[in-house]
Trainee: 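Take this structure first; my questions come after.
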Amino acid sequence: MRYVLELAFSRSPIFILKPAFSLYQPSLLISRKLSTAPSLPSKGKKKKTLVASTITHQASPKTSGTVDISNTNHSELLSSTNVTDIVALGMETQQLSPALPLEAPGPVNESLESLHPSKSAPNLDSRPENIQKRGRVTVEPAAKSSTSSIVKERAMKKERKASETAETEWKILNPFFSPEIDLRSKPGFDNKRRSYIQFITTPTSDTPGTALFLHFDDKRYIIGNIHEGLQRASVQIGAKLFRTKDFFLTGKTEWKSNGGLLGMILTTADALQASASSKLEREKLRLEYRKRMVEEGQWRKTKVDAKPDIKSVEEDPTVRIHGGPNLNHTLATARSFIFRKGMPIKVFEHIGEQEVVDSTERDWEPTWSDGRIQVWAMPVMPLGVGEVNEGPKSESPRKRNLGEFMEGQHPSQAEILDQWSVHPVTPEGHEERRQKTREFAVSKMFSSEWSNDDLIEMPLRDVKMPAALLVRDRVTKELKRYEGPIPDGTTAVPDINVLVRQAWPGALIDYLPPTKRSSIAMSYIIRNHRIRGRFKTATAEERNVPSGPLWAALASGSSVQSSDGVTVTPDMVLEPSKEGSGVAVIDLPSCEYVHDLVHRSEWRAEKVMSGVGAVIWILGPGVIQDQTLLKFIEGQPGVQHIISSPEQCPDYLSMTSAASMAIRHSQIDPARYAVPVHSNTVPATADTPSVARETVQALSESCQPARRGLRIHLEPKFSVSVEAVVPILNTALAARETSQDVLELSRAARREISSPAIQAETLSQNLASPDAEIICLGTGSAIPSQHRNVSATLLRVPGCGSYLMDCGENTLGQLKRMYTAPQLAELLQDLKLIWISHLHADHHLGLTSVIKAWYEEVHGKDEVKRRRPTITEQMIDPAKLLEDGKRLFVVGHEHISRWLKEYSSVEDFGYDQLVPLVSFPINKRAIDISSLEWNGVNVGFNVSKDPKVKSAIRTATGLSNLVSCHVSHCYGSLAVSLTFPTGFKFSYSGDCRPSQTFTEIGKNSTVLLHEATFDDELESDAIAKKHSTTSEAIGVGVAMRARRVILTHFSQRYQKIPSLSALDPRSVNLEGAEDIDDPSAGMDEPVEESISPVKAQATIDNLLDGLGEKPSQAQAGSQPHIGAPSLPSASPIETLAQIIASNINPTPRPQLNDMKIGVAFDYMRVKVGDIMHLEKFTPALRELYKESVDEANSNRAAKAAFSDDENDVLVKEQAEEAEKRKKEKQAEKARKGQIKAAKKKQDGREKREKKKRKEEEKSKGGKGGMEGVEVLEPAVETMRAEQ
C-alpha cells in the first residue's frame, strides 16, 4: 500500500499520510500530533479550512519490505464507518463518512516504502527555501479573534487536551450500532426526549367519550375514543389533530367509541393532500427560481431537472388504526360515500390472546412499536362471555392481528365475486375469505388508482344498469351520450359496443358479508423506548478520550482502546440508562370487564410495566363503584390514577365558542335562544355505596378526575401537570360581558314585538301550523367548526310528530345541549322520520347515534329484543307492520339503507325496528307522487293501491304526503317536500344548485329551508361545487311562492355569520337551474366533496346589510294581509326585487307578498309564526358582532369569563405549579452558576500551570516551532513511478 503525502493548511502545517489505494479497513487508529506552527495562507478558502488528521492502518513495524494485510483480524474491522477528523476555524469536530468495501476478491499484498527515521521529513524551517518563502517560524500566541468567549474557551480546552493526548492513538473495539440509538445518544444532546399525553375530551353531552393526544415534537398519536365531536372539540382547545396518522381506539368497536373515525380520516386525508400539494408547489417555485438564476448568469450552469423531484417532497401517507374486531367491517360499510386517493389505511384488529405459555416465560415483546413508542394491546373480555369473533387461529402466543394486511395481498375481483361459491369451505377459511373482502374494500377506499377518465368498451347487452352510456361519433370522433334503448331486460337492444366509465372502487362490492358482533374492549399499555443515560463529557475528557468519533462510538455501546492498552467502556462515560416512561389506558364499558382486566398477566410482567407511572381509566357508568376495581387501584399506591367517567367529570360546555355565542344570543332574543344545557359540577354520588366513597377518599392522593387539557409529561421527567387545563366556561360571567348598547337594542326590539300592532300582525299571518317549530342543530357545511356544526335541522309539528332533516356528526350532542333529559326523552318518543338528502358524510354521520338513542328510549335498554319482520312478512302484510307505533322511518337513497343494514351486524343500534325507505324520482306528469320502497314493496303515499297501506303510512309518519326529486349536487342528491294534514308544507333543498323541479314540488310551501353555502360574490365557486348562493336560494323561494324562507348550510369560511351583502335581484333567476334528467348520472363516480380552506370571516355589515330594520305593516298604516298567498304575474326577479326592497328600504311593504327571510344559527329555535320577528333583532346582532370582531375585547371577555369562583381551585393549582417551576429554574440556574464558577477557577489554575511549564521549557532552550511534529515523506522517485 502506498502512502501519498498531502499538505493541508490550517492554523498550523500538518502533513497527512493518505493511502493511495485500499480495499480494506482493518482497524481504525486516530493519531493526533500537536503543532504549534503559525498558519499558512489557504488556497482560495478565506474563511474555513478543513484539515484531516493522520489516519493510519495498524501494521507490524517493519524496516523494509511490504505490509501483508490479508491476515488482518476481521473481528476488529469497522464495517461501515471511516472516521475523518475535521478541524474548522481552529475547532475540532467529527464526522462519519462511508467506507470502502470490507472484503476484496483475494489477498492483497502491496509494497510499502520502508519508513526509516532517515526517511522522515526534515524540519521544514531549517530549509533555506522555506526560510526565504515563509520567514522564520516562531511560536507566538494566537491572534485575537472576533469569536465569542465561549468559542475561545472551547478552543483553548481542546488545545489543552490535544497536548495531553499527543502521540496517543485510539481504536474502536467491537463497533456496535444499535437501531434504537438515535439523537438521544449523541453527546451534548438532550437524550430525554420531550413527550406528553394530553386530555382532549372527557365525557360530556357533546363529547361522549375520552380522547387523548400523545405529543412528540415530530409525531402525534390519538388514543382512546374517536367519538363524534372530537374534531370540533380539538379545534376548540387548539390541538392540531389533522396531521395525526396513528390511532389507538379503546373500548368496544361501536359507534359511541368510534363514531368520529370516518370524519377524522376524511380530514386527515384532505390535510395530507393539501400538505403534499403545498410542498410540490414550493418545489416548483424553487426549480423555477433556480432556472432563472442560471439563465441570468448569477448561478453556475448545472444540470437542472425539468420537473420537480416529487420524491423529495413526499412523506409516508399511511394511516395506521388499531382497535378491536370488526374495525375493517365498520370502515368498509362507508365505501359508498368515502373515497380518497393516495392514503393507504393499515388496520390492526386485535382479536384476542392465547395463553399458551406461562406469563413468566413469555418474551412480552410489544404488540406494535415504532421509533417513538412501544404498545402492548390488551383485548379485555366481559365476565362469562367467550370470544364472539372467531377469526383464523394464530400459531403464536402473541396477539393475532387478523386485520393487518400488506400491500400485494388483496384478493382479486374474481375472488371477491366468488365469496358465495358453492364449493365447500371450512368455517375458518370462509371467515378468512370474508375478511379479505372487507380488507379489499378498505384498501380501495383510500388507496385506489381509479380515474374519472377511465372508460371501458363493452357490448351494450352486457352493461349492468343503471350506468352512464357513451358512444363515439363516427365523424367527429367525439363522445356523446347514448340515446337508444337500454338493457333493462324488457326491450331488445342493438348489437353495438358502448363506452362505460369504469366503476369507482366503492361500486365493486354490492354487499359486504355479514360479521359477528364482538364484546372485546381494547386497552393499551404505551411506553417510550428505553433511554440511554446522558454522555458524561467531563469523564471522557478525564480519561483522555478525544471527542468526535470515539465519543460517538462510546455513546452507541462500543468500547475504545488507546495504544498504551487503556480501555474505556461505555458504562464509564454514560449515566445509567432508564426505562422509558409510559401509561396504561384502560377502557371498561361496564362492570363485567373488571374481572378479566385485573387478572391480566401484563400487570405482573416487569418488562411491560417498568416505567409505567400512570393509569388512565376510561370507565362506563357505574364502573367506578365496583369494589374489585377499587381494591385493585388501592393495591398500586405508587402509580397515578386518572379517572374519566360520568361520575367524576362534570357536563361542562366543551364547545366554548358556540356556547358563548348562544349565551349572548339568548340575551338578545331569549324567545329563540337559550343557554345550552350543562352542569359545571360533578354529579351527585348519593347512590354510591359508602365503602366505595371511603375507598375513593382514601385514594385521593393517587387518584384525580380527568380534566380537559390535563397533561401527563412522560419525558424528560414524569409528572402530571394542570398547566394546560382548560377552565370551565362560566355562563353568568360570559353573559355579563355583553355591552349595554347591545342589551338596550335588544330590549327595544322586544318592546316593538310586544306592541299591540305587531301582535295583531302576528295573529293575522294566516299561516298553517304557526306553532310548528324549527330547531337549527347544525348550520355549517363540509366540516365542523368552532361556531357551526354540520347539517341537521329538526322540525316539530304539534299533533303530527318530529322530523329530522339530515343528521350530521354529533347531532345527538346538539340535541342534548338544547333539551333537558326529560325533554329529550319526550322528543325521541315523538320522532317519526329522518330524511337524508344525499350521501356526503357531513349530512348523515350522526344518524347511528340518534337512532340508537331513539331505540333505547322507545324500546327500553333492557327490553327483550323484538324479532325483525322478514321480507316475506313485509310483502304480504306491510300495513300491519306500518301500524306499529314503535317504528322510525329513515328515508333517502338506497345506499343509506344499505349502510345501516351492513353496520347493524357490528352492533345492535335498533336497525330491526326501523322502516328504511328508498325514495325514487317523481313522476313528471304527477308532481305530487313519489315512490317509497321498503324491501321491494312500494308504500308511497299516493302510489300504493292498498287503502290499508295508504292509511297506515299516513298514521305512522304523521304526514299526508312526501314528494322528492333529484337535484344537481352529487349522485343520489334529493330535495323533499313534506305536507301535513294541517295544510302546513315544509320544503328542504339539501345541498344543490337551484332546481326548477324543486320549485314545482314545493309550490306554495309554508317554509322553505334552503342551503346558501356561498355569498353572491362567490357564484363561480357555487357553480363549480354545485351549491347555491344566497340570492339563488331566495330566488327559489320566490319561484316557489314560499311564505317563509330560512337560509342555512353556510360555508365554514363564514365562521360566525354568512354574508348577505349582495342581494342583487337582477342576478337572481332560475335560467341557470340545473335539473337532473338522468338519475343514473354520476352513479359511477365517487361521492366526495372537496373542502375549501377557511378564509377570513365575514363582518357583521356583510351579514346584515340585507336584513335591516323593517317597519311592520301596522306601523306603515297598511291593513293586515289575510288569505292565501297569491303572487301576481310578475316575474320572479321583479317579485324578489320587491321583497328585498321591503326588507331593506324604510318604505311600507307591498301587500302582494309577505315572504320573510331568516338566517339560521346553531341552537336557534324559532316557531313558524315568529320568523317575521327575527328581523327586529338586526341592530342588536350588528352591534354584537361588531364587538366580537374586536379581538382585544374578545380576548378580555374570554379571560374574564373563565375567572370565576368555580375555577378558583384550578387557578390555585396552576399558580402553585408555576411557582414550583420558577423555584426549580432558579435552583437549576444557581447550580449551573456554581459549576461554571468552579470550572472557571479550574481553567485559570490549569492556564497558570501551563504558562509556568512553557516558561520553564523556554528557559531550557526549545528546539523550535515544529517540535513534536513527525512528518513521513516517501521517496519522490517512488511516488512518480506509482503515478
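For reference, positions follow the sequence shown, starting with 1.
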Trainee: How would you list, by chain and number, every residue that makes a salt bridge (Lys or Arg N to Asp or Glu O under 4.0 Å) with Lys1026, sequence neighbours excluded?
Mentor: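 For Lys1026 the salt bridge (Lys or Arg N to Asp or Glu O under 4.0 Å) partners, ignoring immediate neighbours, are Glu1074.
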
Trainee: Shortest non-hydrogen contact from Ile509 to Phe440?
Mentor: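 Nearest heavy atoms, Ile509 then Phe440: CD1-CD2, 3.9 Å.
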
Trainee: If the condition is salt bridge (Lys or Arg N to Asp or Glu O under 4.0 Å), which residues does Glu902 pass it with, not counting sequence neighbours?
Mentor: Arg335

Trainee: Which atom pair, heavy atoms only, marks the closest approach of Leu828 to Ala853?
Mentor: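 Closest heavy-atom pair between Leu828 and Ala853: CD1-O, 3.7 Å.
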
Trainee: Would you please classify the geometry between the His893 ring and the His895 ring as parallel, tilted or perpendicular, with 30° and 60° separating the classes?
Mentor: perpendicular

Trainee: Report yes if the distance between the aromatic ring centroids of Phe337 and Trp899 is under 6.0 Å, otherwise no.
Mentor: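 Here the rings of Trp899 and Phe337 have centres that are less than 6.0 Å from each other.
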
Trainee: For Ser443, is there any backbone N or O sitting under 3.5 Å from a side-chain donor or acceptor partner on Ser447?
Mentor: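 Looks like no, no N/O pair under 3.5 Å.
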
Trainee: If you round to the nearest 0.5 Å, how far is CZ of Arg887 from NZ of Lys832?
Mentor: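 Going from NZ on Lys832 over to CZ on Arg887, the span is 14.5 Å.
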
Trainee: Write down the atom of Ala332, the atom of Val442, and the distance for their closest heavy-atom approach.
Mentor: N-CG2, 3.9 Å

Trainee: Taking atom types as modelled and ignoring hydrogens, do the side chains of His1049 and Asp991 form a donor-acceptor contact shorter than 3.5 angstrom?
Mentor: yes

Trainee: Considering all heavy atoms of both residues, which atom of Phe1161 and which atom of Cys776 are nearest to each other, and what is their separation?
Mentor: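 Scanning both residues, the minimum pair turns out to be O-CB, 3.3 Å.
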
Trainee: Of all residues at least two apart in sequence or in a different chain, which pass the salt bridge (Lys or Arg N to Asp or Glu O under 4.0 Å) check with Arg1165?
Mentor: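 Partners of Arg1165 under the salt bridge (Lys or Arg N to Asp or Glu O under 4.0 Å) test: Glu773.
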
Trainee: Answer yes if the side chains of His329 and Ser905 hold a donor-acceptor pair under 3.5 Å, and no otherwise.
Mentor: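 Side chains of His329 and Ser905: pair found under 3.5 Å.
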
Trainee: Can you sort out the partners of Tyr803 under side chain to side chain donor-acceptor pair (under 3.5 Å), two or more places apart, ordered by chain and number?
Mentor: none

Trainee: Does a donor on one side chain and an acceptor on the other come within less than 3.5 Å for Asp806 and Tyr988?
Mentor: yes

Trainee: Once the angle between the rings of Phe909 and Tyr903 is folded into 0 to 90°, is it parallel (under 30°), tilted (30 to 60°) or perpendicular (over 60°)?
Mentor: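 Rings of Phe909 and Tyr903: tilted, 30 to 60°.
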
Trainee: Taking the side chain as everything from C-beta on, heavy atoms only, tell me whether Leu261 gets closer than 4.5 Å to Leu331.
Mentor: yes

Trainee: Are the side chain of Ser1005 and the backbone of Leu1008 linked by a donor-acceptor contact shorter than 3.5 Å?
Mentor: no

Trainee: Taking Asn961 as the fixed residue, which of Leu978, Asn942, Ile929 is the one that meets the side chain to side chain contact (heavy atoms under 4.5 Å, CB included) rule?
Mentor: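 Filter result, single survivor: Asn942.
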
Trainee: One thing to verify: whether Arg232 and Glu809 come together as a salt bridge, which I'm taking to mean a side-chain N less than 4.0 angstrom from a carboxylate O.
Mentor: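 A salt bridge is absent here (no side-chain N lies under 4.0 Å from a carboxylate O).
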
Trainee: Output, in order, the C-alpha distance, side-chain angles, deciding distance and verdict of side-chain hydrogen bond (donor to acceptor under 3.5 Å, both in side chains) for Thr267 and Gln231.
Mentor: CA-CA 9 Å; Thr267 303; Gln231 290 190 72; 2.5 Å; yes

Trainee: For the pair Asp1162 (side chain) and Thr779 (backbone), establish whether a donor and an acceptor sit closer than 3.5 Å, ignoring hydrogens and angles.
Mentor: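 Pair found, side chain donor or acceptor close to backbone of Thr779.
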
Trainee: Listed by chain and number, what are the side chain to side chain donor-acceptor pair (under 3.5 Å) partners of Trp255, not counting sequence neighbours?
Mentor: Glu228

Trainee: State whether the side chain of Lys1003 and the backbone N or O of Ala1039 hold a donor-acceptor pair below 3.5 Å, judged by distance alone.
Mentor: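 Yes.
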
Trainee: Distance alone, cut at 3.5 Å: any donor-acceptor contact between the side chains of Ser930 and Ser964?
Mentor: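 Yes - a donor-acceptor pair under 3.5 Å links their side chains.
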
Trainee: Donor-acceptor pair, Ser995 side chain versus Phe998 backbone, under 3.5 Å?
Mentor: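 Checked: pair present.
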
Trainee: Counting only N and O atoms by type, is there a donor-acceptor contact under 3.5 Å from the side chain of Gln814 to the main-chain atoms of Tyr1163?
Mentor: no

Trainee: If you count the non-hydrogen atoms of other residues, nucleotides and ligands that lie under 6.0 Å from NZ in Lys256, is the total more than 12?
Mentor: no

Trainee: So, does Arg1044 use its side chain to make a donor-acceptor pair with the main chain of Gly1158 at under 3.5 Å?
Mentor: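 Not confirmed, Arg1044 side chain does not pair with Gly1158 backbone.
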
Trainee: Is a salt bridge present between Asp206 and Lys816, judged by a nitrogen-to-oxygen distance below 4.0 Å?
Mentor: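 A salt bridge is absent here (no side-chain N lies under 4.0 Å from a carboxylate O).
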
Trainee: Measure the acute angle between the ring planes of His838 and His840, then classify it against the limits of 30° and 60° as parallel, tilted or perpendicular.
Mentor: perpendicular

Trainee: Looking only at heavy atoms, what is the nearest atom pair of Cys965 and Ile1001, with distance?
Mentor: SG-CD1, 3.7 Å

Trainee: May I ask you to test the Val915-Leu882 pair for a side-chain heavy-atom distance under 4.5 Å?
Mentor: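 Val915 vs Leu882: side chains touch.
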
Trainee: Measure the shortest side-chain to side-chain distance between Ile265 and Ile321 over non-hydrogen atoms and say whether it is less than 4.5 angstrom.
Mentor: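 Yes, side chains in contact.
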
Trainee: So does Ala1012 get a backbone contact from the side chain of Ser1028, meaning a donor-acceptor N/O pair under 3.5 Å?
Mentor: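 Flag not set: sc Ser1028 to bb Ala1012 has no pair under 3.5 Å.
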
Trainee: Could you tell me whether Arg340 and Asp270 make a salt bridge, using a distance below 4.0 angstrom between a side-chain N and a carboxylate O?
Mentor: yes

Trainee: Can you check whether Leu230 reaches Thr207 side chain to side chain, under 4.5 Å on heavy atoms?
Mentor: no

Trainee: Please enumerate all residues that pass side chain to side chain donor-acceptor pair (under 3.5 Å) together with Thr253, with sequence neighbours excluded.
Mentor: none

Trainee: Hey, is the main chain of Phe1014 close enough, under 3.5 Å, to the side chain of His1027 for a donor-acceptor pair?
Mentor: no

Trainee: Do the side chain of Asn789 and the main chain of Gly778 share a donor and acceptor less than 3.5 angstrom apart?
Mentor: no

Trainee: Looking at every non-hydrogen atom in both residues, tell me the closest pair between Lys852 and Asp908 and how far apart they are.
Mentor: CE-O, 4.3 Å

Trainee: Tell me yes or no: between the side chains of Arg1043 and Thr1006, is some donor less than 3.5 Å from an acceptor?
Mentor: no

